[in-house]
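Each remark here refers to the structure printed beneath this line.
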Number of protein chains: 2
Amino acid sequence: MPDRFERIFAGENGLAAGSGPLYIRLRNRVERAISDGLLGDGDALPSERDIAELADVSRVTVRKAVQDLVRDGVLVQRHGSGTFVSKPVARVEQPLSRLTSFTEDMSRRGWNARSQWLQRGIFAPSPEEMVALGLAPGDEVVRIDRLRIADEMPLAIERASISTQMLPDPQKVDTSLYAALDVYGFRPVRALQRISATNLRAEDAGLLGLEAGDAGLRIERISYLESGRVVEFTRSLYRGDAYDFVAELTIGKN
Amino acid sequence: MPDRFERIFAGENGLAAGSGPLYIRLRNRVERAISDGLLGDGDALPSERDIAELADVSRVTVRKAVQDLVRDGVLVQRHGSGTFVSKPVARVEQPLSRLTSFTEDMSRRGWNARSQWLQRGIFAPSPEEMVALGLAPGDEVVRIDRLRIADEMPLAIERASISTQMLPDPQKVDTSLYAALDVYGFRPVRALQRISATNLRAEDAGLLGLEAGDAGLRIERISYLESGRVVEFTRSLYRGDAYDFVAELTIGKN
DNA sequence: AAGTGGTCTAGACCACCAA
DNA sequence: TGGTGGTCTAGACCACTTG
C-alpha cells in the first residue's frame, strides 16, 4: 500500500531533485505536506528511522530537519512516543493600557490563577536594580520571583524588585504584590513597559514547560507613585505561544 | 602555556565531573566562562575541532552545545571565520500609544530609513483578510509587503492589506502607506495592535538577516477611520534583538 | 518487550574566509 | 593555502512510553 508518507518523503526520486542541503529539502517537504493538508493537526509522523529510510538519508539529517520544525513550533516531539504536527495553543489576551496584577487579571477571565514561589527575600541590589530603582550604596532590595500559572499552564516568570524602603518585609506578599504595597501606602499609579522578544534560555524555558530557544516575550516594567518616585522594577518572561498583548493606538499631535 | 581555554574546556578532569548530557555540561561551561569574565564581548572561541579535543568529546557534541548558545544569542558563528561571544545590539524603542508610520518614526530618530518591496498588487482576499477587513465575496484587496530597513539593518517585515475600496491603486504608495490613504481621505485615526512573540521561520529570518528559530515580535494591527470603519490590516515581524516597544500604563477605574 | 526519541562517536567532504 | 564552520554518514547505546 503506497501510503501518503511515501508520497511525502520518497516521491519524485526521493530528495535527489532540487538543490541545497538535504535537511532543508526534507524540511520543506514536511511544511508543504502540512500546508497541502496531507498532514493535519495532531497527526503522527513516521519514526525518524522510517523517515530516514523513506527519504534515503541518515537519521542525523532527519533529526536536523525535524528539530528545525520543532523549534519553529510546526512539530512537537514526545520522547518515547513519536513526532506529531502541532495543535494551535489557546492564547491569552492582555490589554496594554491598564495597570493590573496577574491575579486580578486572570480571575476576571475566569481562569484559575496561581503562583509558584521561585525566590523571596532581601538582597544587596544588582547594578541594574540600583539604576532602575534609584538606590544609594548600602540600600537593600526585596526580590520576589514567581512562576505564574493559569489553569495549570505556566504562563510567565515574573521577577520583581522593590526597595526595602517601600516594602520592608517580603513575607507580607502573599498573592498580590500591589495589595502588599497598598498596605504601606505605596501603590503605583503609573508604569512604563518595554516589550521585546527573546529566545528563552534553557532554565527559563524549563520553568515555562517549553524548550530552550523557544520565543518568549520579555517585559521590563518600572512603576511609579503619584509623586513620580519609582516603586517597582519587574522583569517578566511570557510564553510567546500563549500570550498576546493588545494595545490601542491613537493618532497624536505630538 | 596553559591558557584560559584549557581551564574552560579541560579543567577538572574535563567533563567527567558532573552528570547529564555532555553537550549541556559543555554549554554551561561556556556560559559560566562568559559570566565570570573569562570570555568577553567579541572574544573568539577555539575552533570546534580544538574544543572537541580539549573537552575530549566529538565535534558533533561541540556543535550541539555551540548551536544552543548561538540560538540563545550568546555566541555568533561566522562561516570560515570562527565562533565569537556576541556583542549586544543597539535597540530601537517604539512608543506604543501613538499611531505613526515607520518612515516618520525613523526619520524623527535621525535614522536613515528605507524599504525594500517584497510584493505590491491586487489580490483575491484570504479568509483571514476577509474577516479582518469585513469584505464581501468578490471584493479585492491591495497587498503591500515591505522589508523595513534602518541604517542598513533590516528591522521588520510588514505585510499590509487594504480593501481596494479604500486604496484602488497600490502603485500610489511610494514611501508612506498612510500618506497614500490620506490622498483618498482614508487616513486612520485609531488602531488595535496585538503583540506576541514567535520563532521566525527560515524565510522570514533570512529577510531580517537572522537565523531560523530566532525570536521575533509578531504584531497584528487593525486600523480604523473616525467612523469606526476598518481601513488596514497589517501583520509585521520585528527583529526581537533590535526592537523594543514601550508602553505607558495607568491605573484604571474599569 | 518493542518502538520511539535523545545522545554520542569517528570520520568525511564541501563552502567560505583570511593571510 | 590552510583553517574555519556547514553538512552528512553509519552505527551505537540510553531513556522513555506504550501495549
Side-chain angles (χ1 to χ4, degrees), chain A residues 5 9 14-16 18-30 42-71 74-86 202 205-206 209-214, chain B residues 5 9 14-16 18-30 42-71 74-86 202 205-206 209-214:
Chain A
F5 294 130
F9 297 110
L15 295 177
S19 62
L22 288 172
Y23 75 89
I24 290 179
R25 280 182 261 168
L26 188 52
R27 201 178 68 190
N28 290 340
R29 285 202 170 212
V30 175
D43 283 6
L45 269 67
S47 76
E48 295 178 347
R49 290 165 181 82
D50 288 350
I51 294 177
E53 191 175 354
L54 281 169
D56 194 29
V57 295
S58 76
R59 187 179 156 211
V60 177
T61 301
V62 173
R63 273 186 75 74
K64 179 86 170 100
V66 168
Q67 306 255 22
D68 277 10
L69 293 168
V70 167
R71 194 192 42 191
V74 176
L75 302 177
V76 291
Q77 286 190 300
R78 282 196 284 277
H79 193 169
S81 174
T83 303
F84 308 84
V85 178
S86 292
L210 300 173
E211 295 302 312
D214 283 352
Chain B
F5 293 129
F9 297 110
L15 295 178
S19 62
L22 288 173
Y23 75 90
I24 290 180
R25 282 183 259 168
L26 189 52
R27 202 178 67 189
N28 290 340
R29 286 202 170 212
V30 176
D43 284 5
L45 269 65
S47 75
E48 295 178 347
R49 290 165 181 82
D50 288 350
I51 294 177
E53 192 175 354
L54 282 168
D56 194 27
V57 297
S58 76
R59 189 180 154 211
V60 177
T61 302
V62 173
R63 275 186 73 76
K64 179 87 171 95
V66 168
Q67 306 255 22
D68 277 10
L69 293 168
V70 167
R71 193 191 44 190
V74 176
L75 302 176
V76 291
Q77 286 190 301
R78 282 196 283 278
H79 193 169
S81 174
T83 304
F84 307 85
V85 179
S86 292
L210 300 174
E211 295 302 312
D214 283 351

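Numbered from 1 within each chain, the chains take letters A, B, ... in sequence-line order.
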If you look at every heavy atom in B/Pro46 and B/Ile51, which pair is closest and at what distance?
O-CD1, 3.6 Å
Rounding to a whole Å, what distance do you find between A/Glu48:CD and D/dA15:C1'?
14 Å
Closest listed nucleotide, where the reference is the side chain of B/Lys64 and the choices are C/dT7, D/dG5, D/dT9
C/dT7
Rounded to the nearest 0.5 Å, how far does CG of A/Leu45 lie from CZ of A/Phe5?
6.0 Å
A/Pro21 has a side chain; which of C/dG5, D/dC8, C/dT9 sits nearest to it?
D/dC8
Figure out the CG/P separation between A/Leu22 and D/dA10, and round it to whole Å.
11 Å
Between A/Tyr23 and D/dC8, is there a side-chain N or O to OP1/OP2 distance below 4.0 Å?
no
Walk me through whether B/Phe9 and B/Val30 qualify under side chain to side chain contact (heavy atoms under 4.5 Å, CB included).
CA-CA 8 Å; B/Phe9 297 110; B/Val30 176; 3.8 Å; yes
Would you say CG of A/Asp43 has more than 12 non-hydrogen atoms from neighbouring residues, nucleotides or ligands within 6.0 angstrom?
yes
If you round to the nearest 0.5 Å, how far is CG of B/Asp56 from OG1 of B/Thr61?
10.5 Å
Can you check the A/Leu45 CG to C/dG3 C1' distance for me, whole Å?
16 Å
Rounded interatomic separation in angstrom, taking CZ from A/Phe84 and C1' from C/dG3
12 Å
Under 3.5 Å, side-chain donor or acceptor atoms of residues 64-71 of chain A against the rest of the protein: list the pairs with distances, not counting sequence neighbours.
residue, atom, partner, partner atom, Å
A/Asp68, OD2, A/Arg27, NH1, 2.8
A/Arg71, NH1, B/Ala212, O, 3.1
A/Arg71, NH2, B/Ala212, O, 3.2

In the structure I gave you, are the side-chain heavy atoms of B/Asp214 and B/Glu211 within less than 4.5 Å of one another anywhere?
yes
Contact under 4.0 Å: B/Arg59 side-chain N or O vs C/dA10 OP1/OP2:
no
For B/Arg71 and D/dG6, what is the distance between atoms CZ and P respectively, to the nearest whole Å?
15 Å
In whole Å, I'd like the distance from the CG atom of B/Asp68 to the P atom of C/dG6.
13 Å
In terms of side-chain heavy atoms of A/Arg49, which of C/dC8, D/dT7, C/dG6 is nearest?
C/dG6
Phosphate OP1/OP2 of C/dG5: any A/Arg63 side-chain N/O under 4.0 Å
no
Within residues 75-83 of chain A, find the residues that approach DNA chain C with a heavy atom at under 4.0 Å, and present them sorted by residue number.
A/Gln77, A/Arg78, A/His79, A/Gly80, A/Ser81, A/Gly82, A/Thr83
Rounding to an integer number of Å, can you tell me how far A/Leu26 CG sits from D/dT9 C1'?
15 Å
Distance below 4.0 Å between A/Ser58 side-chain N/O and D/dA10 OP1 or OP2:
no
Expressed as a whole number of angstroms, how long is the span from A/Asp50:CG to C/dG3:C1'?
10 Å
